[in-house]
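Every number for a ligand or one of its atoms is a count from 1 in the order of the listing.
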Amino acid sequence: MITANGLVSGHAKEPIFSFGVISDVQYADIPDGRSFSGIPRYYRHSFQVLQRAVNNWNDLRKLRFSVNFGDLVDGFCPKDKSLTMVEKVITEFEKFDGPIYHMIGNHCLYNLPRKKLVTLLKMPSVSGHAYYDFSPTPEYRFIVLDAYDFSALGWPQDHPISIAAKKFLEEKNPNADKNSPNGMVGLDRRFLMFNGAVGKEQLDWLDSILLDSTERKQKVIVCCHVPLDPKSASAEALLWNYEEVMDVIHQYKCVKACFAGHDHKGGYSVDSHGIHHRVLEAALECSPGSNAFGYIDVYHDRITLVGTDRMMSTEMLFSS
Ligand SMILES: Nc1ccn([C@@H]2O[C@H](COP(=O)(O)O)[C@@H](O)[C@H]2O)c(=O)n1
Ligand SMILES: O=P(O)(O)OC[C@H](O)CO
């Protein structure tokens, strides 16, 4: 039954707003290859996936913004081409008729220092941080986390964070190659150099934004390159301190969903507090002609991911 406020059987028919999503473009002008575990990677074709995503988002004529979940350019991109290639991908994103919100992935940091990326990606952050929040409507808040705030990537070699992160990895991972989880068991397999952590200052900031969102009665969507829930991703793809981040989030009731990239196969779970965790399928792993991008319709009581090809559509109903 359609009512005066547009509700059909209790569900609003029209979304409050919609936004585009894509992850792990990992473009490089190099021949196709494979991941360490043998999964094909189409480094040139991923740029075409991005082009089709932007065309599709523009054709929809209803998206308020789009979110790129990180890893713009692959680590195999020749380093003398890094800046040109990152700029090329950003230029393609900017053909979208609306704001693009980016986050930093490990492959971004293999190419350029974080300081340079924060500027190039026009992050709306304070004090040069790679984490920030924005509010597209009064009732919704987005929090974009920096998964490599505490990490062995992207900081100058002699930076105290780089030194501390390497020491941490040395204690947690016995392998000479710190990207190798060989011999490590269960969730400990996340202690790899291509992952990272949310630092203390960022955790305090997250807490303050969640408190403010609660006071404003806003619903919150968290975006992070690296997944935050073990049931949504492989152990090897998890944030080092996902438990600390989720402990902060679970103190509040405002967070409805967490989105991530990084684990290219994608994933989905609902945690013990009813929060939806959706890991987005990578553009890089689309064979020629196929796609992985989508858009999300946001309602008062749910969000719906409408995916294309490899990106699975997902209906996420809020538990409260
Ligand atoms: N099971 C694994 C997975 C990865 N590595 C190391 O990480 C590097 C990056 O892995 P990709 O899946 O992104 O290709 C890879 O080159 C290995 O050094 C590993 O040792 N064991
Ligand atoms: O960021 P990549 O491409 O090295 O891949 C990360 C893995 O998918 C995590 O398991």
Checklist entry - ligand 2 versus Asp71, non-hydrogen atoms closer than 4.0 Å: side chain, backbone, both, neither? => result side chain
Item to check | Donor on one side chain, acceptor on other, Ser162 and Gln157, under 3.5 Å | outcome: no
Next on the checklist: Show, in sequence, the C-alpha distance, side-chain angles and deciding distance for Tyr43 and Tyr27, and conclude whether the ring-ring contact (aromatic ring centres under 6.0 Å, His included) test is met.
Outcome noted: CA-CA 5 Å; Tyr43 299 104; Tyr27 170 65; 9.2 Å; no
Next on the checklist: Looking only at the side chains, is there a donor atom on one of Asn195 and Arg190 sitting less than 3.5 Å from an acceptor on the other?
Outcome noted: no
Next on the checklist: Can you confirm, on distance only, whether ligand 1 has an N/O atom lying under 3.5 Å from any N/O atom belonging to Arg34?
Outcome noted: no
Item to check | is_close_aromatic(Trp57, Tyr295), centroid dist under 6.0 Å | outcome: no
Item to check | Atoms of ligand 1 close to Pro181 [distance to a heavy atom under 4.0 angstrom, numbered from 1] | outcome: 1 (N), 2 (C), 19 (C), 21 (N)
Checklist entry - Aromatic rings Trp240 and Phe168: how do their planes relate, parallel, tilted or perpendicular, breaks at 30° and 60°? => result tilted
Next on the checklist: Ser125 and side-chain contact (heavy atoms from CB on, under 4.5 Å): which single residue from Val118, Val144, Asp133 fits?
Outcome noted: Val118
Checklist entry - Is Arg41 near ligand 1, meaning one of its heavy atoms is under 4.0 Å from it? => result yes
Checklist entry - Which atoms of ligand 1 sit under 4.0 Å from any heavy atom of Asn179? => result 4 (C), 5 (N), 6 (C), 7 (O), 19 (C), 20 (O)
Checklist entry - Looking at Tyr101 versus Phe19, is the centre-to-centre ring distance below 6.0 Å? => result no
Checklist entry - Salt bridge check: are Lys95 and Glu92 linked by an N-O gap of less than 4.0 Å? => result yes
Checklist entry - Which residue holds the protein heavy atom closest to atom 5 (O) of ligand 2, what is that atom called, and what is the gap in Å? => result Arg41 NH2, 3.7 Å
Checklist entry - What protein heavy atom sits nearest atom 2 (P) of ligand 2, and how far off is it? => result His107 NE2, 3.2 Å
Checklist entry - Can you list the ligand 2 atoms lying under 4.0 Å from a non-hydrogen atom of Gln26? => result 3 (O)
Checklist entry - At a 4.0 Å cut-off, with the gap strictly under it, does some heavy atom of Ser37 reach an atom of ligand 1? => result no
Next on the checklist: Looking at non-hydrogen atoms alone, which of Phe194, Phe36, Phe76 comes nearest to atom 21 (N) of ligand 1?
Outcome noted: Phe36
Item to check | Protein heavy atom at shortest distance from atom 1 (O) of ligand 2 | outcome: Asn106 ND2, 2.9 Å
Checklist outcome for this item: Counting heavy atoms under 4.0 Å, the part of Arg189 that contacts ligand 1 is neither
Checklist entry - Between the main-chain N or O of Asp297 and the side-chain N or O of Thr304, is there a donor-acceptor pair closer than 3.5 Å? => result no
Checklist outcome for this item: If you scan protein heavy atoms around atom 10 (O) of ligand 2, the nearest is Ala237 CB, 3.7 Å
Checklist entry - In the protein, which heavy atom is nearest to atom 8 (O) of ligand 2, and how far is it? => result His262 O, 2.8 Å
Checklist entry - Any luck finding a side-chain donor-acceptor pair between Lys231 and Tyr268 under 3.5 Å? => result no
Checklist entry - Where does Asp177 meet ligand 1, judged by heavy-atom distances below 4.0 Å: at the side chain, the backbone, both, or neither? => result side chain
Checklist entry - At the 4.0 Å heavy-atom cut-off, does Lys265 count as touching ligand 2? => result no
